[in-house]
Amino acid sequence: MADTVKMMIDSMAYGGRGVARSGGKVCFVSGALPGEEALVKINRQTPKYSEGTALDILKSSPERTLPLCPHFGVCGGCQLQHISYEKELYHKDSQVRELFKRIA
């Protein structure tokens, strides 16, 4: 049975998953945004990181918006429709800059 943990999301990973830290390990959380507190179901654990799904958003981010597509979260085609467009651009820009830092 998977663990359920309350986590604070502090950043966003490539692909739109929230990033939280618990017990010295990084957890990638589907459905959560930076600045949110979420009840997270841990689906997978490795020695270096874990992956989970937000079951409930306990404290919502001001960046959160209602997705335009009625299939958001079901089909998997879009990852960031639940965040404002301005913040989506900000996070994508930050991710590209971080990738260049690591490569260069």
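Nothing here was measured: the structure is a model prediction, and the numbers come from that model.
At distances below 3.5 Å, at least one donor-acceptor pair connects side-chain atoms of K25 with backbone N or O atoms of T46. Panel note: side chain E63, backbone L33; no donor-acceptor pair is recorded below 3.5 Å. Of the possible donor and acceptor atoms, none in the side chain of Q79 sits under 3.5 Å from a partner among the backbone N and O of R17.
Take Y49 and apply the ring-ring contact (aromatic ring centres under 6.0 Å, His included) test, not counting sequence neighbours, and it matches F28.
Rounding to the nearest 0.5 Å gives a distance of 5.5 Å between CE of M12 and CG of L80. The CG atom of L68 sits 13.0 Å away from the NE2 atom of H82 when rounded to the nearest 0.5 Å. Between atom CD of residue Q95 and atom OH of residue Y90 there is a gap of 10.5 Å, rounded to the nearest 0.5 Å. Between atom OG1 of residue T65 and atom CD of residue E88 there is a gap of 9.0 Å, rounded to the nearest 0.5 Å. Note: S61 OG to K87 NZ = 8.0 Å, rounded to the nearest 0.5 Å. Atom CZ of R102 sits about 15.0 Å away from atom CZ of R97, to the nearest 0.5 Å.
Residues P34 and S11 come closest through the heavy atom pair CG-C, 3.6 Å. Of all the heavy atoms in G18 and I9, the pair that sits closest is CA-CG2, 3.6 Å.
Exactly one residue among K6, M8, M7 makes a side chain to side chain contact (heavy atoms under 4.5 Å, CB included) with S22. That residue is M7.
Ion pairing between K59 and E37 fails under the 4.0 Å rule for side-chain N and carboxylate O.
For the pair L55/T4, a side-chain contact is recorded, criterion being any heavy-atom separation below 4.5 Å from C-beta on. Proximity of E36 to S60: side-chain heavy atoms (C-beta onward) are separated by under 4.5 Å at one or more points. Annotation: side chain of I83 is in contact with side chain of H91 (closest heavy-atom distance under 4.5 Å). By the 4.5 Å heavy-atom criterion applied to side chains, V40 and T53 are not counted as neighbours.
Cluster membership for I42 and V29, using ILVMFWY side-chain heavy atoms within less than 4.5 angstrom, is shared.
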Check the pair D10, V19 against side chain to side chain contact (heavy atoms under 4.5 Å, CB included), reporting the backbone distance first and the verdict last.
CA-CA 6 Å; D10 56 33; V19 178; 4.1 Å; yes
